[in-house]
Every structure is written in C-alpha cells, then in structure tokens.
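Note on naming: letters A, B, ... go to the chains in the order of the sequence lines (proteins, then strands), and numbering restarts at 1 for each one. The shown structure was predicted, so the numbers you read here are calculated from the model rather than taken from an experiment.
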Amino acid sequence: MSDKVVTRFAPSPTGFLHIGGARTALFNWLYAKHTGGTMLLRIEDTDRERSTEAATAAILDGLSWLGLAWDGEAVSQFERSPRHREVAEELVRLGKAYYAYETPAELDAMREKARAEGRPPRYDGHWRDRDPAEAPEGVRGAIRIKAPTEGETVVHDLVQGEVRFPNKDLDDFIILRSDGNPTYMHAVVVDDHDMGVTHIIRGDDHLTNAARQTVIYDAMGWQVPKMAHIPLIHGADGAKLSKRHGALGVEAYRAMGYLPQALLNYLARLGWSHGDDEVMSIEDMIAWFDIVDVNKGAARFDFAKLEALNGVHMRAMDDAALTKVLLETLPHLPDGEAFAEKFDERARAQLLQAMPGLKERAKTLVELADSAAFIVAERPLTLDEKAQAILDADARAVLKALLPEFRALGEWTAASTEAVVRAHAERTGLKLGKVAQPLRAALTGRSTSPGVFDVLAVLGREESLGRIGDQID
RNA sequence: GCGCCCAUCGUCUAGCGGUCAGGACACCGCCCUUUCACGGCGGCGACACGGGUUCGAGUCCCGUUGGGCGUACCA
C-alpha cells in the first residue's frame, strides 16, 4: 500500500454534469494532479428509477470537454451491489447492524407522530435489540446500522476543521433496503474503502452525511479517508443554484461560447484562491492548488466575471489555436452548424488573418463568431440599424468618390488601402472617421468591427470593391 | 423543530493580533483611437450587529441576526 493520493468524483447520473459538479470534479482532479495521485470516477447509479444512460454519457462528455480525465475505468456503483449487501450482512453478523421490519407507511407515521409531539423525527430503534426470531413471517427487512447513542462523532475535515456531531442525534439509518439494494450512505463507504480512496472531496451538503458514514467506517473497523467538504456555489441572488441561475449543464457553457480553460479558471477561483492571482493556466492551478486554501463560505456565481475571464483567455491564445477552437466549437453554438458550413478553405484563411482584430473585442466564442460573420456574409449585405444610419446620402457620396481611387490601387493591403483613404480624407477635408465609418458599414453591414483597413485586407480587392459598389448603386 | 456549516466593497477574494483593509469583475471618469474593443491612469465602494479577551481586534471567544446544508428503504 503506497501513500499516494487517490481522489474520486462520484456523480449520480440523474441529469447533466452541472456547474457545481464540474467544480467538485475540478478540485478532486487538481488535488490528485498536484500531489501526483489519481482521480477515480464512480457513477452513483443505485437509484434505478432516476439514473439514465444518457445522463452518464452527458457527464462523461462534460468531463472530457473540460479536460478532467479520470484514471482507470469508471465504476458503476449499481454493479457493486452484491458487495454492498455482503458488507451489510457482515455488519449484522458482527452485531453492528440489525434487520428492521417496519413498512414505509409505518415509518411515515412514526415521523409524523414525533413531529407532532415536537420530537426529532428519528427511527425509534424498535428492532435494535429485539430477538430476530420475532421477525414477522415472510417479510424481508431492511438492515439498519446500530449507531452509537452516546458521546459524539467527530469528522476531521480538511476544510471545515473538526466538526462534532452529538450521537444522540444520529439514528439507526438504513444501510440495506428491504429489496436487497444498498442505500447511498452505505454504498459510498464500501466503495470508497474498496477503491482505496484516500481523500474525499465533495460538496459541503454532505458534511452531515460524513458523520453517518463515519459510523459505518467505525463499525467495519475501516480507516476513515481524509475528508474535505467544499462550499457550494449559489446563484447570483445568494439562493441555491437553480436552473434560473447557473445550474446548467457544462454543455450549456460550451454553447455560450466559453473556453474550457476559462471556465475551469473561474470555477477554481470560486471558493479557492492563491493570493491575488486571478488569471491562471491549468498548469498554474495544478501547481498552486491545495485543499488548505479552500474557503468555507459559499460563493455566488457571476457571469460577468466568467465572461471577462473568458475574454482574457481568448486573447491569450495564439491566432491559429483560437481559430481552430472556434471552428471546432461552431457546431455546438446556436445556429453554428449552418454557419460552420460556410467556412471553406479560403474563408478559414481569412478568419485566421482577421483573428488578431477579432479576438480583442470578443468575450465569448459566440461573440467571436458573430463578429467574424462579415467574412462569409452574402452580397448584397444586410445592414443593421446603425449601419443604415451611417450610410446616408452624404456617406454614399463619399464612397462613390472613393471608389475610383480604390480601383486604381495596385497592391491591396491594409497599409495601402489606409494610405488611399487618408489621402482622400486630406484632399477632401473630411475627418478620417467620416470616410472610415461608411466604409465599415458598407463592408461589414455593421457599425463596429476590427480596424476597417484590416477588414479591407481580409476581404480582398474584388470582394471589397463589390461590397462598396453595392451601396452606391 | 433539532443538528451542522458559513458571514471582508454589488460579486469573487487577499488578510492568518499592529495594513492608509490589498487585488479582480462590474460601474463611473480621463487618456489612446477610424468605430467598438484592447490597453493605460484615476474614482466609487466592505470588515452584518452586540458583548467580551487584549496595550491593540477584520483576525481569538460568546451571543444575536442573516444565509446555507442535513434530518428518506434519494443521491
């Protein structure tokens, strides 16, 4: 047995990989990478009603997109149920657990009664010390753990510190259902133990569970792994993350045009920090991440900051790489499929050429795609409102006067077209903007774009002259 | 109800008994500039409240308030 760190990400496949899950996965992954350990993946599919194949696929796909690779094969918790049953039965044999025969209806009644009498709704331990011979005929009971009734259970948490739970508040919870399947509480313990997990990093909504799970570890005489309960992510209004906020699947973030490394950077900084460092690469995160630096308080999800960070990461990429990512991501963006088809080899080259100017004014790949649309726009261009306003009669007259000068131009580059325009402005006494603005509107159909001379160069002589001509006829 | 966790600018955070309480996003100015951005400079803006402990508390302790989680034969 080595002392290598083994973490695990254990989502339940009842939906997509949501943003909170992604961050939990990230922290597990970072800690494993940081320490030279491994991160395992376990699909917690014991709830057969709600678990789906599609959800499992979505989670795997989400992790892959983010680049959070797990080690080894993904483990199906459901497939391990014989082992869970075996341990539960051993606990009974050891006298650490027992069969209980109440029906769900009876348990509901028990809880109702307790609530009505102002007592905590806990199992009353009816079968705890009863002779198994008294078991009702033909009824298969559920197995309950014998939780300690006195003292306290202490959870040593790497983030939360030493957390103490009075044992009188722990009841004899069920570890094996009457249908022979384990409950989550039990399956987790058995799996984490069997998989050799050394560090359990998960959301702090599990902190209370940690005490219950400790009871099972103790009963089996197993060593409790190190635990780290990380704070949850809340919506912008401070309430629990819901669909309204950001509890979308990670694929939704891909569709919104975020770069995986930017999303990871943002997520990492939610609840964890490394001094004043804000922008960091994956390598930085791995080098810097440590559980002791994780905060205790929940953080709110802020799209504005994510977006800003995404802009920084896009600008940090070199043009070829960003062009490649944009083209690859296009099919995932809204209406991106049709848009992607327009990018033939020539248009791709133009996109690459325009990229320096495009990337510094886009915060997401969606914006980047949008501002690159002029490259593959069909003539005659559809002008947006502002472009229409710019191209009034005066502006069209300017373009008309400029056109012959462009036609006479030999070498067609950003520099040469700029020279023409500047000379034209000087001669006619117009401000440079008075020429550049109409030009931009005619060329792109928009009022904003990268430098208009770069646009001219990207579009090329023929296309540029054509688009200008369209506007003055 | 009971148990547990949390609490620094609007948001994310630095801080680990002595700081003009720092940074980032957002917002507002100015500069750069053919537009929009990018970039640069500057501004606004916080220790939830009340008690202690201490020569000295954002930092330690207690309480209050406010959030969150758990309390299932869900995970």
Participant: Between A:Asn167 and A:Thr149, is any side-chain donor less than 3.5 angstrom from a side-chain acceptor?
Facilitator: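 No, no side-chain donor-acceptor pair sits under 3.5 Å.
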
Participant: Please list, for nucleotides 24-28 of chain B, all pairs of protein and nucleotide N/O atoms separated by less than 3.5 Å.
Facilitator:
from   : atom 1 : to       : atom 2 : distance (Å)
B:rA24 : O4'    : A:Glu278 : OE2    : 3.4
B:rA24 : N3     : A:Lys305 : NZ     : 2.7
B:rC25 : O2'    : A:Lys305 : N      : 3.4

Participant: Which listed nucleotide (B:rC4, B:rC6, B:rC12) is nearest to the side chain of A:Leu207?
Facilitator: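 Closest nucleotide to the A:Leu207 side chain: B:rC4.
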
Participant: If the C1' atom of B:rC44 is compared with that of B:rA26, how far apart are they to the nearest Å?
Facilitator: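 Straight-line distance between the two C1' atoms is 12 Å.
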
Participant: Output the single nucleotide from B:rC5, B:rU34, B:rG68 whose closest atom is nearest the side chain of A:His234.
Facilitator: B:rG68

Participant: Answer with base, sugar-phosphate or nothing: what part of the nucleic acid does A:Gly271 contact at a heavy-atom distance below 4.0 Å?
Facilitator: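 Since only primed, P, OP1 and OP2 atoms lie under 4.0 Å of A:Gly271, the category is sugar-phosphate.
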
Participant: Taking the side chain as every heavy atom from C-beta outward, state whether A:Leu402 and A:Leu439 have any pair of such atoms under 4.5 Å apart.
Facilitator: yes

Participant: Determine the contact category for A:Leu170: base if any of its heavy atoms lies under 4.0 Å from a base atom, sugar-phosphate if only primed atoms, P, OP1 or OP2 are that close, otherwise nothing.
Facilitator: nothing

Participant: Counting Watson-Crick and G-U wobble pairs only, both distances under 3.5 Å, name the nucleotide matched with B:rG10, or none.
Facilitator: B:rC25

Participant: Let me spell it out: for each of A:Ala362 and A:Tyr266, pick the nucleotide of RNA chain B with the closest heavy atom. Which residue's pick is nearer the 5' end?
Facilitator: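 The residue whose closest nucleotide sits nearer the 5' end is A:Tyr266.
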
Participant: Distance from A:Ser447 atom OG to A:Gln388 atom CD, nearest 0.5 Å?
Facilitator: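 If we round to the nearest 0.5 Å, A:Ser447:OG and A:Gln388:CD are 11.5 Å apart.
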
Participant: Of the nucleotides B:rC69, B:rA75, B:rA72, which has the atom closest to the A:Thr46 side chain?
Facilitator: B:rA75

Participant: Under 4.0 Å between any heavy atoms, over every strand shown, what does A:Ser273 touch: base, sugar-phosphate, or nothing? Just pick one.
Facilitator: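 Answer is sugar-phosphate: A:Ser273 comes under 4.0 Å of backbone atoms only.
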
Participant: When the P atoms of B:rC73 and B:rC16 are considered, how many whole Å apart are they?
Facilitator: 47 Å

Participant: Please say whether the positively charged group of A:Arg144, taken as NZ for Lys or CZ for Arg, lies over the ring of A:Tyr123, i.e. under 6.0 angstrom from the six-membered ring centre and within 45 degrees of the axis.
Facilitator: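 Yes, a cation-pi geometry holds between A:Arg144 and A:Tyr123.
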
Participant: Taking the same atom, C1', in B:rC4 and in B:rC47, what whole-Å distance lies between them?
Facilitator: 25 Å

Participant: Give a yes or no on whether the ring-centroid distance for A:Tyr184 and A:His206 is below 6.0 angstrom.
Facilitator: yes

Participant: Measure from NZ or CZ of A:Arg80 to the centre of the six-membered ring of A:Phe78, then state whether that distance is under 6.0 Å and the direction lies within 45° of the axis.
Facilitator: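 No - A:Arg80 does not lie over the ring of A:Phe78 by the 6.0 Å and 45° rule.
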
Participant: For B:rA57, give its Watson-Crick or G-U wobble partner with both distances under 3.5 Å, or none.
Facilitator: none

Participant: Grab the CZ-P distance between A:Phe374 and B:rC36 for me, whole Å please.
Facilitator: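 After rounding, the reported distance stands at 18 Å.
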
Participant: If I pick the P atom on B:rC27 and the same atom on B:rU33, what distance separates them, to the nearest angstrom?
Facilitator: 24 Å

Participant: Between B:rG45 and B:rA21, how far apart are the P atoms? Round to whole Å, please.
Facilitator: 14 Å

Participant: Between C1' on B:rG68 and CZ on A:Phe301, what's the gap in Å once rounded to a whole number?
Facilitator: 19 Å

Participant: Who is the Watson-Crick or G-U wobble partner of B:rC47, with both distances under 3.5 Å?
Facilitator: none

Participant: Would you indicate which nucleotide in B:rU35, B:rU11, B:rU34 comes nearest to any side-chain atom of A:Leu432?
Facilitator: B:rU34

Participant: Would you classify A:Val452 as touching base, sugar-phosphate or nothing, given that sugar-phosphate means primed atoms plus P, OP1 and OP2, and contacts are heavy atoms under 4.0 Å?
Facilitator: base

Participant: Which part of the nucleic acid does A:Ser12 contact within heavy-atom distance under 4.0 Å: base, sugar-phosphate only, or nothing?
Facilitator: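 Sugar-phosphate contact only - A:Ser12 comes under 4.0 Å of backbone atoms but never of a base.
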
Participant: Tell me what A:Thr14 touches on the nucleic acid: a base, only sugar-phosphate, or nothing, going by heavy atoms under 4.0 Å.
Facilitator: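 It contacts nothing in the nucleic acid.
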
Participant: Could you tell me whether A:Arg50 contacts a base, only the sugar-phosphate backbone, or nothing, with contacts defined as non-hydrogen atoms closer than 4.0 Å?
Facilitator: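 Since a base atom lies under 4.0 Å of A:Arg50, the category is base.
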
Participant: Please report the distance separating the P of B:rU19 from the corresponding atom of B:rC62, rounded so that it comes out in whole Å.
Facilitator: 25 Å

Participant: Touch check for A:Arg212, heavy atoms < 4.0 angstrom, all strands: base, sugar-phosphate only, or nothing?
Facilitator: sugar-phosphate

Participant: Are A:Arg42 and A:Glu44 close enough, and set up right, to give a salt bridge (Lys or Arg N to Asp or Glu O under 4.0 Å), and what steps lead you there?
Facilitator: CA-CA 6 Å; A:Arg42 184 174 67 232; A:Glu44 310 222 311; 2.9 Å; yes

Participant: What is the nucleic acid contact for A:Phe173, judged by heavy atoms within less than 4.0 Å: base, sugar-phosphate only, or nothing?
Facilitator: nothing

Participant: With no hydrogens and no angle check, do the side chains of A:Gln261 and A:His313 hold a donor and an acceptor under 3.5 Å apart?
Facilitator: no

Participant: Between atom OH in A:Tyr184 and atom P in B:rG70, what is the gap in whole Å?
Facilitator: 11 Å

Participant: With heavy atoms under 4.0 Å as the rule, sort A:Arg144 into base, sugar-phosphate or nothing.
Facilitator: sugar-phosphate

Participant: Is the phosphate of B:rU34 approached by A:Arg422 (side-chain N or O, under 4.0 Å from OP1 or OP2)?
Facilitator: yes

Participant: Out of A:Leu41, A:Ile200, A:Val75, which one pairs with A:Arg8 under the side-chain contact (heavy atoms from CB on, under 4.5 Å) rule?
Facilitator: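 By the side-chain contact (heavy atoms from CB on, under 4.5 Å) criterion, A:Arg8 pairs with just one of A:Leu41, A:Ile200, A:Val75: A:Ile200.
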
Participant: Please report the distance separating the C1' of B:rG43 from the corresponding atom of B:rG70, rounded so that it comes out in whole Å.
Facilitator: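 B:rG43 and B:rG70 have their C1' atoms separated by 45 Å.
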
Participant: In the strands shown, is B:rU71 matched to any nucleotide by a Watson-Crick or G-U wobble pair with both distances under 3.5 Å, and which?
Facilitator: B:rG1

Participant: Considering only B:rU34, B:rA75, B:rC5, which nucleotide approaches the side chain of A:Thr183 most closely?
Facilitator: B:rA75

Participant: Does B:rC20 pair with anything, Watson-Crick or G-U wobble, both distances under 3.5 Å, and if so, with which nucleotide?
Facilitator: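 Looking at the geometry, B:rC20 pairs with no nucleotide.
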
Participant: What's the gap between B:rU34 and B:rC25 when it is taken at their C1' atoms, as a whole Å value?
Facilitator: 30 Å

Participant: Could you check whether the side chain of A:Arg361 and the base of B:rC36 have a donor-acceptor pair of N or O atoms closer than 3.5 Å, going by distance alone?
Facilitator: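 Such a pair is found, so the answer is yes.
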
Participant: Just to be sure I understand the rule, does A:Arg48 reach a base, reach only the sugar-phosphate, or reach nothing, if contact means heavy atoms closer than 4.0 Å?
Facilitator: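 Nothing, no nucleic acid heavy atom in range.
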
Participant: Could you tell me if the side chain of A:Asp194 sits less than 4.5 Å from the side chain of A:Arg83, heavy atoms only?
Facilitator: yes

Participant: If you take the centroid of each ring, where Trp contributes its six-membered ring, are A:Tyr266 and A:Tyr258 closer together than 6.0 Å?
Facilitator: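 Centroid separation for A:Tyr258 and A:Tyr266: 6.0 Å or greater.
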
Participant: Under 4.0 Å between any heavy atoms, over every strand shown, what does A:Asn295 touch: base, sugar-phosphate, or nothing? Just pick one.
Facilitator: sugar-phosphate

Participant: Checking all strands, does A:Pro166 fall into the base, sugar-phosphate, or nothing category for heavy-atom contacts under 4.0 angstrom?
Facilitator: sugar-phosphate

Participant: Considering only side-chain heavy atoms of A:Arg440, which listed nucleotide, B:rC6, B:rU34, B:rG3, is closest?
Facilitator: B:rU34

Participant: Under 4.0 Å, heavy atoms only, any strand: does A:Arg269 hit a base, just the sugar-phosphate, or nothing?
Facilitator: base

